Amino acid sequence: MATLLLRNADRVVTMDEGRREIAGGFVLVEDQRIVAVGDGEALPAADTVIDLSGHVLLPGLVNTHHHMYQSLTRAVPAAQDADLFGWLKALYPIWARLTPEMVRVSSQTAMAELMLSGCTTSSDHLYLYPNGCRLDDSLEAADAVGLRFHAARGAMSLGESAGGLPPDALVEDEAAILADTRRLIETWHDPAPFAMRRIVVAPCSPFSVSPGLMRDAASLARSYGVSLHTHLAENQDDVAYSRERFGMTPAEYAADLGWVGPDVWHAHCVKLDEDGIRLFARTGTGVAHCPCSNMRLASGIAPVPRMRCEGISVGLGVDGSASNDGSHLLGEARQALLLARVGHGPAAMTAREALEIATLGGARVLGRDDIGALKVGMAADLVAFDLRGLGLAGARHDPVAALVFCAPPSVALSVINGRIVVRDGRLLTVDTGVLAERHDALSRRLVNGG
C-alpha cells in the first residue's frame with residue numbers, strides 16, 4: 001500500500017470531536033485513508049514525505065451547491081443588475097444553446113477553480129439539458145479532474161405556459177426525467193464509504209417543476225437510498241410565488257411534498273421563517289448557504305446563526321458562477337462570516353465556525369460521515385495553505401483565523417482520496433491554461449449565439 005506523510009504543519013486543524021488544533025502536527029495516509037494524526041514526535045515512515053512548515057493543514061473544503069455550467073455566463077451584461085427572477089429570465093435564452101462540450105468544459109473549469117481554492121468535494125446541480133446535454137458530461141469531467149463529486153440530476157418541467165418561470169422550450173417531460181434519473185443512479189451512484197461519485201435527485205425549484213414531480217422524485221430517491229436537493233425560499237419573490245400558487249410558505253410546501261428529513265438539503269433558505277427553521281431542525285433537513293450569490297442578487301441575509309443554534313446542518317455553496325461570479329470556496333467561508341456579522345452582529349460567527357461550516361458542515365449536509373475531518377479512518381481529503389505570502393503577512397498570531405479574516409489564498413497542496421492533485425499551488429490533473437482558452441471560446445459562442 002502507498003503511504004503519504006504530511007509533517008511539520010504550523011497547525012493541523014482536525015475538526016474532530018474535540019476540534020483539536022495541533023501545532024507542528026502530522027497526518028499519515030495509507031492509500032485513501034487517514035491512519036494517524038498527531039504531533040511531530042516519533043514520526044512514522046512513509047513512501048512520500050511532504051514538509052508543511054509554514055502551512056495550515058485542514059480537511060478538504062466541501063461545496064454543497066453549484067451550477068457549474070454557469071461559469072460560461074459570468075458577468076453577462078444583461079444579467080448584471082437583476083434580482084433572481086430577472087436574472088434567470090435574462091439567462092434562460094442563452095443557456096438554451098448549451099452543448100455537451102460546453103457542459104464538460106465548464107464543469108472542468110468550475111472544478112479546477114474550486115480545487116485551487118481548497119475544495120475536495122463538490123455537489124453540482126445541473127437542471128437543464130438542451131441539445132443532447134447529459135449529467136454524464138459533468139460526471140466524466142469530474143473523473144478527469146479528480147474531484148470527489150455529488151452530481152445532482154436537476155430538472156425543470158413547468159414552463160411559462162403552465163405558470164412556471166422557465167421558457168417552455170427548456171422544460172422536460174416528467175416521465176423522461178424520472179427515467180433518466182433511475183439510469184444515472186444505476187450507472188453512476190456509489191453508496192460505499194470513500195465513494196468518489198454519488199447521484200442526487202434534484203428537481204430545480206418550486207417555480208419550475210410540478211408538485212407531482214417533487215413527490216415522485218422523493219419517492220424515487222428514497223427507493224434507491226440517495227439524497228434529495230432543491231432550491232427553497234431564496235428571496236421574497238420565491239416566497240410570494242409559493243404562497244400565491246400553493247397557499248403555503250416554502251417550508252410548509254416542502255414538508256407537504258415529503259421534502260424534509262436527513263436525506264434532504266435545500267439551497268439558500270434566505271427567507272426561511274421561524275416555523276421553517278424549527279421544522280428543519282426537528283426533521284434533520286440541511287441547508288446550503290450561498291452568501292456571495294445571495295448578496296449578488298440582493299436576495300437577503302440567511303438566518304444562518306439561528307439555524308445553527310437550532311442544530312440545523314449548514315454547509316457552504318458557491319452557487320452558480322453567474323451569480324457569484326467565482327468559485328473560491330475559502331473566499332465563500334470569509335463571506336459567510338462577514339455577512340453573518342452584517343446581519344446579526346460581530347459575535348454572530350467566528351472564523352473557526354466559518355471553517356467548520358466549510359468542512360464538517362458541508363459533509364453532514366451531503367450525508368457523509370467519511371469526509372470533513374482529519375481523524376483516523378476518514379477519507380484522505382486534505383488541503384494546506386501557505387502562510388508565508390504577502391496576503392497573510394502579519395497574521396501569524398492566529399494562523400487558523402487568518403485563513404478567514406485575510407484575503408483568501410489559493411491552496412498550496414491538495415490531496416483527494418489519497419491522491420495529490422495540487423502541489424505547490426499547481427493543479428496536476430489538467431492544463432488550466434488550455435482549459436481556460438477553450439472555455440472562453442465556448443463562452444463567446446454560447447453568449448453571442450455563434
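Just so you know, these numbers come straight off a predicted model, no measurement behind them.
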Whether over 12 other heavy atoms sit under 6.0 Å from E310 CD: yes
More than 12 heavy atoms of other residues, nucleotides or ligands under 6.0 Å from CZ of R33: yes or no? no
H231/H65 aromatic ring centres below 6.0 Å: yes
Assess the pair H150 and H189: is the distance between their ring centroids shorter than 6.0 Å? no
I'd like to know if [X] pairs up with [Y] as an ion pair, taking the criterion as any Lys NZ or Arg NE/NH1/NH2 lying under 4.0 Å from an Asp or Glu carboxylate oxygen.
{"X": "R341", "Y": "E353", "answer": "no"}
{"X": "D424", "Y": "R426", "answer": "no"}
{"X": "K271", "Y": "D238", "answer": "no"}
{"X": "D83", "Y": "K89", "answer": "no"}

Do any N or O atoms from the side chain of [X] and from the backbone of [Y] form a donor-acceptor pair under 3.5 angstrom?
{"X": "R7", "Y": "G24", "value": "no"}
{"X": "S242", "Y": "M248", "value": "yes"}
{"X": "N324", "Y": "G320", "value": "no"}
{"X": "S443", "Y": "H439", "value": "no"}
{"X": "S414", "Y": "V422", "value": "no"}
{"X": "R74", "Y": "D325", "value": "yes"}
{"X": "D47", "Y": "T3", "value": "yes"}
{"X": "D124", "Y": "M68", "value": "yes"}
{"X": "T64", "Y": "L316", "value": "yes"}
{"X": "N63", "Y": "T121", "value": "no"}

Please determine whether side-chain contact (heavy atoms from CB on, under 4.5 Å) holds for the pair L98 and L128, giving the CA-CA distance in whole Å, both sets of side-chain angles, and the decisive distance to 0.1 Å. CA-CA 9 Å; L98 275 172; L128 43 79; 3.3 Å; yes
Taking only residues at least two apart or on different chains, which pairs with a member in residues 256-267 satisfy side-chain hydrogen bond (donor to acceptor under 3.5 Å, both in side chains)? R215-D256, R222-D263, H229-W265
Quick note, side-chain hydrogen bond (donor to acceptor under 3.5 Å, both in side chains) partners involving residues 383-392, not counting sequence neighbours, are D386-R388
Nearest non-hydrogen partners of [X] and [Y], listed with the distance:
{"X": "P303", "Y": "V270", "value": "CD-O, 3.4 Å"}
{"X": "S107", "Y": "A141", "value": "CB-CB, 3.8 Å"}
{"X": "S123", "Y": "A152", "value": "OG-CB, 4.4 Å"}
{"X": "V404", "Y": "A354", "value": "CG1-CB, 4.2 Å"}
{"X": "P191", "Y": "R198", "value": "O-NH2, 3.1 Å"}
{"X": "S327", "Y": "S321", "value": "OG-OG, 3.0 Å"}

Return the set of residues passing side-chain contact (heavy atoms from CB on, under 4.5 Å) with [X] (not counting sequence neighbours), or none when no residue passes.
{"X": "R197", "answer": "L139, A142, D143, F149"}
{"X": "S208", "answer": "M156, P166, C204, S205"}
{"X": "A379", "answer": "R148, F194, I371, D381"}
{"X": "R364", "answer": "R19, S313, L360"}

Look up atom [atom1] in [X] and atom [atom2] in [Y], then write down how far apart they are to the nearest 0.5 Å.
{"X": "M115", "Y": "Q108", "atom1": "CE", "atom2": "CD", "result": "10.0 Å"}
{"X": "L403", "Y": "L392", "atom1": "CG", "atom2": "CG", "result": "6.5 Å"}
{"X": "I420", "Y": "L4", "atom1": "CD1", "atom2": "CG", "result": "5.0 Å"}
{"X": "S293", "Y": "Q70", "atom1": "OG", "atom2": "CD", "result": "8.5 Å"}
{"X": "L84", "Y": "E234", "atom1": "CG", "atom2": "CD", "result": "4.5 Å"}
{"X": "L435", "Y": "D431", "atom1": "CG", "atom2": "CG", "result": "8.0 Å"}

Is the closest side-chain heavy-atom distance between [X] and [Y] below 4.5 Å?
{"X": "C119", "Y": "V62", "result": "no"}
{"X": "V35", "Y": "V29", "result": "no"}
{"X": "I50", "Y": "L413", "result": "yes"}
{"X": "E252", "Y": "F246", "result": "no"}
{"X": "M111", "Y": "S122", "result": "no"}
{"X": "L58", "Y": "L355", "result": "yes"}
{"X": "T14", "Y": "E21", "result": "no"}
{"X": "H289", "Y": "I357", "result": "no"}

For [X], which residues count as a salt bridge (charged side-chain N to carboxylate O under 4.0 Å, His left out) partner, sequence neighbours excluded?
{"X": "D137", "answer": "R104"}
{"X": "D273", "answer": "none"}
{"X": "D10", "answer": "R396"}

Could you name each residue pair satisfying salt bridge (charged side-chain N to carboxylate O under 4.0 Å, His left out) that touches residues 278-289, not counting sequence neighbours? E274-R278, D275-R278
Before you tell me yes or no, could you show the steps for D398 and R352 under salt bridge (Lys or Arg N to Asp or Glu O under 4.0 Å), namely the whole-Å CA-CA distance, both residues' side-chain angles and the distance that decides it to 0.1 Å? CA-CA 11 Å; D398 186 344; R352 284 168 171 79; 2.9 Å; yes
Please enumerate all residues that pass ring pair (Phe, Tyr, Trp, His ring centres under 6.0 Å) together with Y92, with sequence neighbours excluded. none
Pair L165-F85, side-chain contact (heavy atoms from CB on, under 4.5 Å): steps then yes or no: CA-CA 8 Å; L165 193 71; F85 282 14; 4.0 Å; yes
Under the criterion side-chain contact (heavy atoms from CB on, under 4.5 Å), I'd like the reasoning laid out for N235 against L297: C-alpha separation, chi angles, the key distance, then a yes or no. CA-CA 9 Å; N235 73 357; L297 298 175; over 6 Å; no
Quick one: which residue pairs count as a ring-ring contact (aromatic ring centres under 6.0 Å, His included) with a foot in residues 378-417, not counting sequence neighbours? none
